[in-house]
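To keep things clear, I will list the structure first and then write my remarks on it.
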Amino acid sequence: MSQGIIARRYAKALINMAEEKNALENTGLNFSNLAKIFKDSIKLREIFSDTKISSNVKQKLLKEVLDKIKAPELIDTFSRFILFKRRIALLPDIERAFNYFLQEKLGRIEANVTVPYELQKEDVGKLEKIISKYSGKKASVSINIDPTIIGGIVTRIGSVVIDGSVNTQLNQIRKTIIRG
């Protein structure tokens, strides 16, 4: 079974437990903090993936990390469970899937917008309104700057890409001319 499928299953389980406890956003925030620590520490990932290190040492280390971020009981229990199941290496993937499911449950959507230059706050606000209207969900926009697109914007909402860049339009014109 693929790692992505396994990560989604664990994420769905966590989101269902968080929903039962009416702690969706709090769980998301705490789980993201834990995943960030895991992603940022090469040493931590090495220890958890090393089969020569005993599970007791790994459990103590996980407890220290959980105490450091003051993780609530749900995150504590879930983290210990995935450690026990030897799936702790999937933590970043589980967190990514969890955040996707969380946004779905809360009726939100994240859009990545690529523009050729920095936008003003009013323009970002307008983009959020337009994308919210388009998707039917409250949109949160993250802006990437890429001068190679020349003009226009490229918007990615989940797996949907809307490419309105001048660069792409010029490439399409070039291909049409070449084909004759």
Side-chain angles (χ1 to χ4, degrees), residues 1-40 69 71-72 74-75 78-79 82 87 89-179:
M1 190 177 309
S2 99
Q3 303 288 14
I5 293 170
I6 294 168
R8 284 192 297 277
R9 286 185 178 176
Y10 281 103
K12 280 183 184 179
L14 180 59
I15 203 145
N16 289 336
M17 291 185 292
E19 192 171 32
E20 286 175 11
K21 295 182 180 267
N22 292 324
L24 282 171
E25 290 198 55
N26 187 40
T27 301
L29 179 66
N30 284 292
F31 196 54
S32 291
N33 289 341
L34 177 61
K36 181 175 179 0
I37 289 171
F38 191 80
K39 285 183 236 178
D40 292 348
I69 64 168
L74 179 59
I75 297 298
F78 183 78
S79 302
I82 62 174
R87 300 289 190 191
L90 293 178
L91 192 66
D93 296 326
I94 296 169
E95 187 251 349
R96 192 173 19 261
F98 178 87
N99 283 332
Y100 173 79
F101 295 137
L102 178 63
Q103 297 305 320
E104 285 289 314
K105 290 265 185 202
L106 298 175
R108 297 182 195 157
I109 195 159
E110 291 183 23
N112 295 317
V113 177
T114 304
V115 294
Y117 53 85
E118 185 110 15
L119 295 178
Q120 295 181 359
K121 287 185 180 180
E122 304 88 48
D123 295 330
V124 174
K126 288 177 187 176
L127 269 174
E128 285 178 343
K129 286 180 184 175
I130 291 167
I131 293 170
S132 294
K133 187 175 180 182
Y134 170 79
S135 66
K137 298 179 179 180
K138 180 161 177 22
S140 162
V141 174
S142 63
I143 303 291
N144 302 314
I145 299 172
D146 181 4
T148 63
I149 69 169
I150 303 170
I153 65 171
V154 178
T155 305
R156 177 182 293 272
I157 304 170
S159 62
V160 177
V161 177
I162 304 165
D163 191 340
S165 68
V166 172
N167 189 32
T168 299
Q169 292 172 11
L170 289 172
N171 285 335
Q172 289 174 345
I173 291 169
R174 183 177 55 83
K175 288 177 184 176
T176 302
I177 291 171
I178 289 171
R179 275 187 263 142

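Bear in mind that the values here come from a model prediction, so they are computed numbers and not experimental data.
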message: Quick check: closest heavy atoms across Glu128 and Ala139, and the distance to 0.1 Å?
response: O-CB, 3.7 Å
field: Residue pairs, two or more places apart or on separate chains, that pass side-chain hydrogen bond (donor to acceptor under 3.5 Å, both in side chains) and touch residues 10-24
entry: Glu19-Lys105
Distance (rounded to the nearest 0.5 Å) between Ile109 CD1 and Ile157 CD1: 5.5 Å
- prompt: Looking at Gly151 and Pro116, what are the two nearest heavy atoms and their distance?
  reply: CA-CG, 3.8 Å
- line: The side chain to side chain donor-acceptor pair (under 3.5 Å) partners of Asp93 (sequence neighbours excluded) come to Arg96
- prompt: Under the side chain to side chain donor-acceptor pair (under 3.5 Å) test, which residues partner Thr148, sequence neighbours left out?
  reply: Asp146
task: Measure across Ala7 and Ala97 and return the closest heavy-atom pair with its distance rounded to 0.1 Å.
output: O-CB, 4.3 Å
Listed partners of Ser165 passing side chain to side chain contact (heavy atoms under 4.5 Å, CB included), at least two apart: Ile149, Val154, Asp163, Asn167, Thr168
- line: Heavy-atom nearest pair, Gly164 first then Gln169, reads O-NE2, 3.8 Å
task: Name all residues meeting the side chain to side chain contact (heavy atoms under 4.5 Å, CB included) criterion together with Ser142; count only those two or more places apart in sequence or in a different chain, and write none if there are none.
output: Asn112
field: Minimum heavy-atom distance Ile143-Leu119, with the two atoms named
entry: CD1-CD1, 3.9 Å
- prompt: Mind checking what makes salt bridge (Lys or Arg N to Asp or Glu O under 4.0 Å) contact with Arg156, not counting sequence neighbours?
  reply: none
field: Residues that Lys129 engages under salt bridge (Lys or Arg N to Asp or Glu O under 4.0 Å), provided they are two or more places apart
entry: none
message: So if I apply the side-chain contact (heavy atoms from CB on, under 4.5 Å) rule between Val166 and each of Ile153, Asn171, Ile150, which one comes out positive?
response: Ile150
- request: Might you work through the side chain to side chain contact (heavy atoms under 4.5 Å, CB included) test for Arg174 and Ile178, ending with a clear yes or no?
  value: CA-CA 6 Å; Arg174 183 177 55 83; Ile178 289 171; 3.8 Å; yes
statement: Residues at least two apart in sequence or cross-chain that pass side chain to side chain contact (heavy atoms under 4.5 Å, CB included) with Gln120, listed by chain then number, are Glu122, Asp123
statement: By side chain to side chain donor-acceptor pair (under 3.5 Å), Lys138 pairs with (sequence neighbours left out) none
Test salt bridge (Lys or Arg N to Asp or Glu O under 4.0 Å) applied to Glu25 - qualifying residues, sequence neighbours left out: Arg108
- line: Output for pair (Ile131 CD1, Glu110 CD), nearest 0.5 Å, gives 11.5 Å
- request: Please report the C-alpha distance between Leu14 and Phe101 in whole Å, then the side-chain angles of each, then the deciding distance to 0.1 Å, and finally whether the side chain to side chain contact (heavy atoms under 4.5 Å, CB included) criterion is met.
  value: CA-CA 10 Å; Leu14 180 59; Phe101 295 137; over 6 Å; no
- line: CG of Leu29 to CG of Leu24, rounded to nearest 0.5 Å, is 12.5 Å
message: Tell me every residue that passes salt bridge (Lys or Arg N to Asp or Glu O under 4.0 Å) with Glu104, counting only those two or more places apart in sequence or in another chain.
response: Lys137
field: Shortest non-hydrogen contact between Gly28 and Phe98, atoms and distance
entry: CA-CE2, 3.3 Å
field: side chain to side chain donor-acceptor pair (under 3.5 Å) partners for Asn26, two or more places apart
entry: Asn30
message: Pair Leu127, Thr155 - check side chain to side chain contact (heavy atoms under 4.5 Å, CB included), show working.
response: CA-CA 10 Å; Leu127 269 174; Thr155 305; 5.5 Å; no
task: Applying side chain to side chain contact (heavy atoms under 4.5 Å, CB included), run through Leu90 and Ile82 and close with a yes or a no.
output: CA-CA 9 Å; Leu90 293 178; Ile82 62 174; over 6 Å; no
Close side-chain approach of Ile94 to Phe78, heavy-atom, < 4.5 Å: yes
